[in-house]
Structure formats: structure tokens, C-alpha cells
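Order of listing sets the numbers, starting from 1, for every ligand and every atom in it.
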Amino acid sequence: MKHLLKMLDLSKEEILEILNLADQLKYELKHGIEHKHLSGKTLGMIFQKPSTRTRVSFETGIYQLGGYGMFLSANGLQIGRGEPIRDTARVLSRYVDGVMIRTFDQEEVETFAKYSSVPVINGLTDFSHPCQVLADLMTVREHKGTLEGLKMCYIGDGNNMANSLTVGCLKVGMNVSLACPEGYYPDPVVLEFAAGYGDKFKLTNDCFEAVKDADVVFTDVWASMGQESEAQQRKLAFEGYQVNSELLSHARPDCMVQHCLPAHRGEEITDEVFEAHADEIFDEAENRLHAQKAVMVILMK
Ligand code: CP
Ligand code: NVA
């Protein structure tokens, strides 16, 4: 593994290696065991979109590993004035030991990685959010003890989270059911990948069909970053695609609820469901730190 660009690039073994190391690093942190695997190394962090979790967990994570995280707002870089990505990649490669990028187009991250001589980590694009899904899988495994054979249900927009969850969950042996409104399906590349899993994958417009006997239910915002101007139109399109207690009563009684955050209560999830599952959701947020530390150690050590 040279970079972390999207879940499609990872094998099941690579995913499990990350999760196992993440569990170990979490244990070491909680027990005060030193784990400065990246002593003296620098991570450049380019942000083209806002962030709370990704920024703080990467910056804290690299610090805990003995390294240094450098926040780089894309608007403050020459990228913002049109310097090509392939030049920026070659320049930063001469200074830092790894680069994390959050941007719009997946192609930008792929191009950056192509020209970079240091590892590149995707911190979210419109197509994928692999760091989040690694933390999600870690959290589900922590709570359920296993991943293989569990049923993951995703309700809502076929966005970056739906794309990455579908691929990640199928790769580790989970069953995947998505309920998305027509016109808001996951990326065709993901649907083609999922089709190879036969009846382990289902895409429907019916939330109740998707949620039946689910072990874990995920949802995400109806309007992702960059889609703010479509918010009203999307509210109409996603009416009924809400994770609420009625819907959850059709899942397994011990069903977990996960949300990558930030959440819009009253839209994709009710306040009642969110608060009833808050511990699991904030474990998920915490696990961003541990999962990303594992990714950095594997890529940058
Ligand atoms: N879940 C997530 O990536 O959060 P941020 O946008 O706050 O980084
Ligand atoms: N789908 C959301 C995820 C935020 C972490 C977005 O892209 O804005």
C-alpha cells in the first residue's frame, strides 16, 4: 500500500491490517504506552473544504506519533491561484513525509498521488471518504466483535459515504443494503463493483426493505459540502429517507446507528435516534484518530 486514495484500492487484508493496528494504537494510547513511530516526520494537510474531525484527528494523531502536522488551507496555497497539482505534489514531496488532501474532485487526489514521491491520504473527496469508513469498520467491529456476515444498511444520499461504505463493507464480508431515492444513487463505478457481490448487495428506494434485520444503520447529510445551493431541492427529494425510531424498529433489536457527522437532526436522523446512539456515534468520531494513526504508520514509517 503506497497511498490511501479510495476503498476500491484496498484489499481485505490491507483493511484488516489497518484495523488491527488501529486497535493496538488505541490500546497503547489509553494505557500510556509510547508509540512514536513517526518521530521527526511531517504531514502536510491540504484543505479545500471545511473540517472539524479530519483536521483535528490528523493533527493530533501525527503529534501523538512523534511527528508534526502542517495545516495548509488550499486558498492560502498557490493551488488557489492556479498552480498545477502536479507541480504542488512534486514541491511538497521535497519537504514533507506525507500529504493528506481534502478536496472536491477525486481526480485531484489521484493526480497528486501520481506525481508525489511521498504517501498521499484522501481526507474526503466528492467520490470517497476512506478514512471515515476505516474508522466506521473499526467501530462496528469493536461493538459487535466481528464484521463478517453482518448486515449494513445505509439510508439517504448515494454520496461519498455511501460509495466508500458500500465498497469497504462488501470487502470485509458484510452484507450491504442501500435505500436511496431515484437520481441519488451511488457512483456507477461503485455499483458495478457491488454487482460482483450478487445478493450480498441490494439497492432499493424502500427504506423499510433496506433496514430489515440490519445490524448497523448508517446515514449522512442530504446536502454534502459544495451542494449547499441544492439544499432545498434535496430536502424534497429525501423526504422519507430519515433514520427514525419507526424505521429502526424493523432492524435487529441490537442494531447500531452510525453517522460520520456533522449531523442534521430532523433531516436524515431524528434527535431521538441520534441521542439514543450517541455513544456509538462519538466512538466512531474518536476512532478517526486511531484508524488514521494506523494509516500514517503503515504508509509513512
Ligand atoms: N466526518 C468528517 O469527515 O468530519 P469533518 O468534516 O469535520 O472532518
Ligand atoms: N457527505 C458529507 C460527509 C462529511 C464528512 C460531505 O461530503 O459533506
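The protein heavy atom nearest to atom 6 (O) of ligand 1 is Arg102 NH1, 2.8 Å. Nearest non-hydrogen protein atom to atom 8 (O) of ligand 2 is Met225 N, 2.8 Å. The protein non-hydrogen atom at the shortest distance from atom 3 (C) of ligand 2 is Asp220 OD2, 3.6 Å. Nearest protein heavy-atom contact of atom 7 (O) of ligand 1 is Thr52 N, 2.6 Å. Atom 4 (O) of ligand 1 has as its closest protein heavy atom Arg53 NE, 2.8 Å.
With salt bridges taken as basic N to acidic carboxylate O contacts below 4.0 Å, one links Arg90 and Asp87. A salt bridge links Glu286 to Lys30: one of the charged nitrogens lies within less than 4.0 Å of a carboxylate oxygen. Under the 4.0 Å criterion applied to side-chain N and carboxylate O atoms, Lys49 and Asp126 are assigned as salt-bridge partners.
Contact annotation: for Gln132 versus ligand 1, heavy atoms closer than 4.0 Å belong to the side chain alone. By the criterion of a heavy-atom distance under 4.0 Å, neither the backbone nor the side chain of Asp126 is placed next to ligand 2. At a heavy-atom distance under 4.0 Å, only side-chain atoms of His129, from C-beta outward, approach ligand 1.
Checked by distance only, ligand 1 and Arg55 stay at 3.5 Å or farther apart across all their nitrogen or oxygen atoms. Considering backbone and side-chain N/O atoms, Pro262 never comes within less than 3.5 Å of an N/O atom of ligand 1. In terms of polar-atom proximity, defined here as any N/O pair under 3.5 Å, Leu261 makes no such contact with ligand 2. Taking distance alone, with nitrogen or oxygen atoms compared against 3.5 Å, Lys49 stays at or beyond that limit from ligand 2. No N or O atom of His129 sits closer than 3.5 Å to an N or O atom of ligand 2.
When the options Lys144, Lys151, Arg252 are evaluated for a side-chain hydrogen bond (donor to acceptor under 3.5 Å, both in side chains) with Asp215, the one that passes is Arg252.
Within the 4.0 Å heavy-atom shell around ligand 1 one finds Leu261. The shortest heavy-atom distance from Arg288 to ligand 1 is under 4.0 Å. Residue contacts with ligand 1 leave out Lys49, since none of its heavy atoms falls under 4.0 Å from the ligand.
Without hydrogens or angle criteria, His277 side chain to Val273 main chain gives no donor-acceptor distance under 3.5 Å. Asn287 contributes no side-chain N or O that, together with a main-chain N or O of His290, makes up a donor-acceptor pair within less than 3.5 Å.
Taking a cut-off of under 4.0 Å to the non-hydrogen atoms of Asn160, the atoms of ligand 2 that pass are 1 (N), 2 (C), 6 (C), 7 (O). Listed by number with element, the atoms of ligand 2 under 4.0 Å from a non-hydrogen atom of Leu124 are 3 (C), 4 (C), 5 (C), 7 (O).
Applying the side-chain contact (heavy atoms from CB on, under 4.5 Å) criterion to Leu170, with sequence neighbours excluded, gives Thr166, Val176, Phe193, Ala194, Tyr197, Lys200, Phe201.
For residues 96-118, there are no ring pair (Phe, Tyr, Trp, His ring centres under 6.0 Å) pairs, not counting sequence neighbours.
A donor-acceptor pair shorter than 3.5 Å cannot be found between the side chains of Tyr68 and Asp97. Side-chain contact, Thr54 with Arg288: a donor N or O sits under 3.5 Å from an acceptor N or O. No side-chain donor from either of Thr125 and Glu108 sits under 3.5 Å from a side-chain acceptor of the other.
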